[in-house]
Amino acid sequence: MRTYAFNKPFIYFVCIVSAMGGLLFGYDWVVIGGAKIFYEQFFGITDNNLLIGLATSIALAGCMVGALTVGALTDRFGRKPLLILSAFIFVISSIGTGAFNQFRWFLAARFIGGIAIGTASGLSPMYIAEVAPTSIRGKLVTLNQLAIVIGILAAQIVNWRIAGTHSADWNASLGWRWMFWATAFPAAAFLLLSFFIPESPRWQALFSRTREASNTLTRIGGTRYAEEELERFTTSQADAAQEEKGGLKLLLSKPFHKVLLLGCVIAFFQQWCGTNVIFNYAQEIFQSAGYDVDNTFINIVITGIANLVFTFVALFTMEKWGRRALTLMGAGGLAGIYLILGCCYFFHVEGVFMVILCVLAIACYAMTLGPVTWVLIAEIFPNRVRAVAVATATFFLWIGSFTLTLSFPLLNGSLGTSGTFWIYSAICVAALVYFLRYLPETKGKSLEELEKEMIK
């Protein structure tokens, strides 16, 4: 493979700025858990299960709207303007969520914040994949997952510190507001810095803005790199010259059925592998293992630290081990851990061993399925349908998140914690079999090479 003199400071700046969308996604997704007990008291909904559920899940509805609409919008207006728009929405929603005194406006702000999450969740990794050189694309897209994990841990720490250092009355009146307002500071930085990153060169080339694409690629890797990347892209587009650009109609046509199904399964499974219930329902899970409320909060932070540490591991293994190997390792590893975890709950095992198992599950997820999902859905789709395809896969990811979050209390209530984790184990086994048969290796291949391989 030919080597180039890449402008690494510029590349990392661009990718880190884009990954800030992931950081805000992670923070805004998790902050609701710590604020929940306090805003419920403020709004007087502690005895209304319907309103409690609505407040918790309304952002997920916004996520689905954002994920579903971002594909068409980013094809029309470009990747950069939508990144700027999502940053602006994060600023507005975080301020509004903490400021409103009426429950209906609180819900509206959370819904709008969900739109920003849904937009950023698919757009940030897609943008990074289109900008990043092939040799380090997996590592750079993994930065988005690392940012998500940092956002999750930041929310856990902020919630813990605010809840633990102030009185219950102060938290019920102002503390929960500051949990949401804290998002506005990184959101404002994201908004400002987004004006200083370039448009995606592949989007520019796709819409015949060859000069702008060449300028961007030259800044990334020099003149020779720009010429060869544009030639590769032009050849790929010439092979598909008879077909229209983008659009759901094109995505649903026969040549794309296999890759679309694969992308949607990957995205949906990232949620239904079950690990996120450890974050979303940590209190119930750790209390079932014999921990009181104070120790539960400490265990939540421990799981967040494990999530961060093992996401760093993924940064160094994504290009070395490959996407397929990490996906299989994640599905197989979680299947085994959940089987043991379910047995421990069945036999009423309590104490530190249960925390260790939960941390192992999160570690396995953090170094495999967590980051590799975003890498795969950002790179397996052809250039001309990538935006709408990533949006569709991300939409299925949020459907998975919504159904997982909604179903856990029902499963846990009817089957017990043991039966619930055995179900997640069985799902992981089924996914392992599917990926063994249908998931190719994508590391070391350009997006155009992958297009030829995936679309036959």
Side-chain angles (χ1 to χ4, degrees), residues 22 121-122 125-126 128-129 132 134 136-146 148-149 258-278 306-307 309-339 360-381 386 389-390 392-394 396-401 404 423-445 447 449-451 453-454:
S121 62
M126 179 178 67
I128 295 171
T134 298
I136 54 175
R137 187 178 62 236
K139 179 187 292 187
L140 291 177
V141 176
T142 303
L143 285 175
N144 182 72
Q145 177 66 17
L146 178 62
I148 293 173
V149 169
K258 182 179 177 180
V259 69
L260 177 61
L261 177 62
L262 176 62
C264 290
V265 170
I266 291 169
F268 191 84
F269 175 63
Q270 192 213 44
Q271 296 299 307
W272 267 94
C273 71
T275 306
N276 282 329
V277 301
I278 299 176
N307 198 17
V309 169
F310 283 90
T311 301
F312 272 107
V313 174
L315 279 174
F316 298 99
T317 58
M318 188 67 65
E319 300 297 350
K320 183 178 294 185
W321 295 354
R323 287 56 145 166
R324 174 181 163 87
L326 288 175
T327 303
L328 298 177
M329 184 188 305
L334 287 176
I337 293 170
Y338 289 153
L339 180 63
L360 282 176
I362 288 171
C364 181
Y365 175 85
M367 66 178 290
T368 58
L369 298 174
V372 80
T373 295
W374 298 111
V375 176
L376 285 169
I377 66 175
E379 65 186 10
I380 63 174
F381 297 114
R386 181 172 297 113
V390 170
T392 303
T394 306
F396 273 85
L397 183 145
W398 287 114
I399 290 177
S401 179
L404 178 79
I423 287 178
Y424 296 151
S425 178
I427 291 172
C428 288
V429 171
L432 178 63
V433 173
Y434 176 83
F435 292 137
L436 277 169
R437 181 169 183 178
Y438 294 109
L439 181 64
E441 182 53 73
T442 62
K443 75 167 186 175
K445 300 173 184 177
L447 297 180
E449 289 172 335
L450 286 172
E451 178 171 345
E453 181 177 328
M454 301 298 294

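Along the sequence shown, the residues carry numbers beginning at 1.
Looking at every heavy atom in both residues, Tyr424 comes nearest to Cys273 through CB-O, 4.0 Å. Residues Cys264 and Thr392 share a closest heavy-atom pair of SG-CG2, 4.2 Å. Nearest heavy atoms, Thr142 versus Ala314: CG2-CB, 4.1 Å. Of all heavy-atom pairs spanning Thr394 and Ser121, the tightest one is CG2-OG, 3.2 Å. When all heavy atoms of Leu262 and Pro440 are compared, the closest pair comes out as CD2-CD, 4.0 Å. The nearest pair of heavy atoms linking Trp321 to Met367 is CZ3-CE, 3.9 Å.
Here the side chain of Lys443 pairs a donor or acceptor atom with the backbone of Lys320 at under 3.5 angstrom. In this structure a side-chain-to-backbone donor-acceptor pair under 3.5 Å is missing from Tyr365 to Gly274.
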Quiz: residues 428-437 side-chain donor-acceptor pairs under 3.5 angstrom, not counting sequence neighbours:
none

Identify each donor-acceptor pair in which a side-chain atom of residues 368-378 lies under 3.5 Å from a protein atom, sequence neighbours left out, and give them as a table.
{"unit_1": "Thr368", "atom_1": "OG1", "unit_2": "Cys364", "atom_2": "O", "d": "2.4"}
{"unit_1": "Thr373", "atom_1": "OG1", "unit_2": "Leu369", "atom_2": "O", "d": "2.7"}
{"unit_1": "Trp374", "atom_1": "NE1", "unit_2": "Gln145", "atom_2": "OE1", "d": "3.1"}

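Leu328 places none of its side-chain heavy atoms less than 4.5 Å from the side chain of Leu439. Side-chain contact between Phe310 and Ile362 is absent, with no heavy-atom pair separated by less than 4.5 Å. When side chains are defined from C-beta on, Leu450 does not count as touching Ile380, because their heavy atoms never get closer than 4.5 Å.
The OG1 atom of Thr327 sits 10.5 Å away from atom CD of Gln270, with the distance rounded to the nearest 0.5 Å. Taking CD of Glu441 as the start and CG of Leu326 as the end, the distance is 8.5 Å to the nearest 0.5 Å. With rounding to the nearest 0.5 Å, the separation of CZ in Phe268 from OG in Ser401 is 10.0 Å. Taken to the nearest 0.5 Å, the CZ atom of Arg137 stands 14.0 Å off from the NZ atom of Lys139. In this structure, NZ in Lys445 is found 9.5 Å from CD in Glu379, a value given to the nearest 0.5 Å. Atom CG of residue Leu397 and atom CD of residue Gln271 lie 4.5 Å apart, to the nearest 0.5 angstrom.
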### Message
Show, in sequence, the C-alpha distance, side-chain angles and deciding distance for Tyr338 and Ile423, and conclude whether the side-chain contact (heavy atoms from CB on, under 4.5 Å) test is met.
### Response
CA-CA 9 Å; Tyr338 289 153; Ile423 287 178; over 6 Å; no

### Message
Please evaluate residues Ile148 and Thr311 with respect to the criterion side-chain contact (heavy atoms from CB on, under 4.5 Å), reporting the C-alpha separation (whole Å), side-chain torsions for both, the decisive distance (0.1 Å), and the verdict.
### Response
CA-CA 10 Å; Ile148 293 173; Thr311 301; over 6 Å; no

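In this view, Phe316 satisfies the ring pair (Phe, Tyr, Trp, His ring centres under 6.0 Å) rule with no residue, not counting sequence neighbours.
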